[in-house]
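This is a predicted model, so every value here is computed, not measured.
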Amino acid sequence: KKITQDGFEVVVYNPHSGELSQEILQFVHFVKIDFGDAAKDKALELMRFVKTFSVKVIASGVDTHELFEACKKYGCDFFQGSYLSKPMLI
């Protein structure tokens, strides 16, 4: 709670089933879900749960048009993956 009061934003990366609760989500600003590491249906269900708390969702591993459209349908806020852009050297 103190972290958010000090102006920091909290990100939970790739949570597994059962790791997120209402108590945790009230202090979280973003949840990043890696679709490369999770079953699509399970990850979309997690996204739906997170969105009920008005937490922003970052979908990582979005590599197909089908997955991009599914994430949009479930209210995803940010996307990462080869469907949108191939990895680049900098």
Side-chain angles (χ1 to χ4, degrees):
K1 188 173 181 178
K2 175 91 170 91
I3 290 173
T4 57
Q5 289 173 341
D6 288 343
F8 291 95
E9 292 185 326
V10 178
V11 179
V12 174
Y13 178 71
N14 214 22
H16 297 283
S17 154
E19 290 182 350
L20 291 178
S21 66
Q22 289 179 306
E23 292 77 26
I24 292 172
L25 286 172
Q26 67 182 331
F27 300 110
V28 171
H29 298 93
F30 299 92
V31 172
K32 185 173 183 178
I33 300 171
D34 188 343
F35 281 85
D37 290 345
K40 177 184 159 191
D41 293 339
K42 189 174 182 179
L44 289 171
E45 187 60 37
L46 176 61
M47 184 184 302
R48 184 185 345 213
F49 172 71
V50 169
K51 292 303 290 180
T52 62
F53 295 92
S54 300
V55 173
K56 295 197 181 301
V57 172
I58 305 163
S60 179
V62 179
D63 297 331
T64 66
H65 177 75
E66 175 190 31
L67 183 54
F68 177 71
E69 291 298 325
C71 289
K72 280 186 0 184
K73 177 182 172 185
Y74 283 87
C76 184
D77 300 285
F78 302 96
F79 305 87
Q80 293 178 317
S82 62
Y83 175 71
L84 303 164
S85 176
K86 300 293 181 199
M88 300 181 290
L89 293 175
I90 47 174

Look only at the side chain of Asp63 and the backbone of Ser82, and say whether a donor-acceptor pair between them is shorter than 3.5 Å.
yes
Other residues, nucleotides and ligands only: do more than 12 of their heavy atoms fall within 6.0 Å of CD on Glu66?
no
Please examine the side chains of Lys51 and Asp77, heavy atoms only from C-beta on, and report whether any two atoms are closer than 4.5 Å.
yes
Are the side chains of Gln26 and Phe53 in contact, using a 4.5 Å heavy-atom criterion?
no
Within one Ile-Leu-Val-Met-Phe-Trp-Tyr cluster: Phe30 and Val28, side-chain cutoff 4.5 Å:
no
Do Lys72 and Glu69 meet the salt-bridge criterion of a basic N to acidic O distance under 4.0 Å?
yes
Decide whether Ile33 and Val11 are clustered together by the hydrophobic rule: side chain heavy atoms of Ile, Leu, Val, Met, Phe, Trp, Tyr closer than 4.5 Å, transitively.
no
Separation between CG (Leu25) and OG (Ser54), nearest 0.5 Å, reads 10.5 Å
Nearest 0.5 angstrom please: Tyr13 OH to Ile58 CD1, how far?
10.0 Å
What is the minimum heavy-atom distance between Phe79 and Leu84, and which atoms define it?
CB-CD1, 3.2 Å
Measure across Tyr74 and Met47 and return the closest heavy-atom pair with its distance rounded to 0.1 Å.
CB-SD, 3.6 Å
Using a 4.5 Å cut-off on heavy atoms from C-beta on, say whether the side chain of Leu44 contacts that of Phe35.
yes
Does NZ in Lys56 sit with more than 12 non-hydrogen atoms of other residues, nucleotides or ligands closer than 6.0 Å?
no
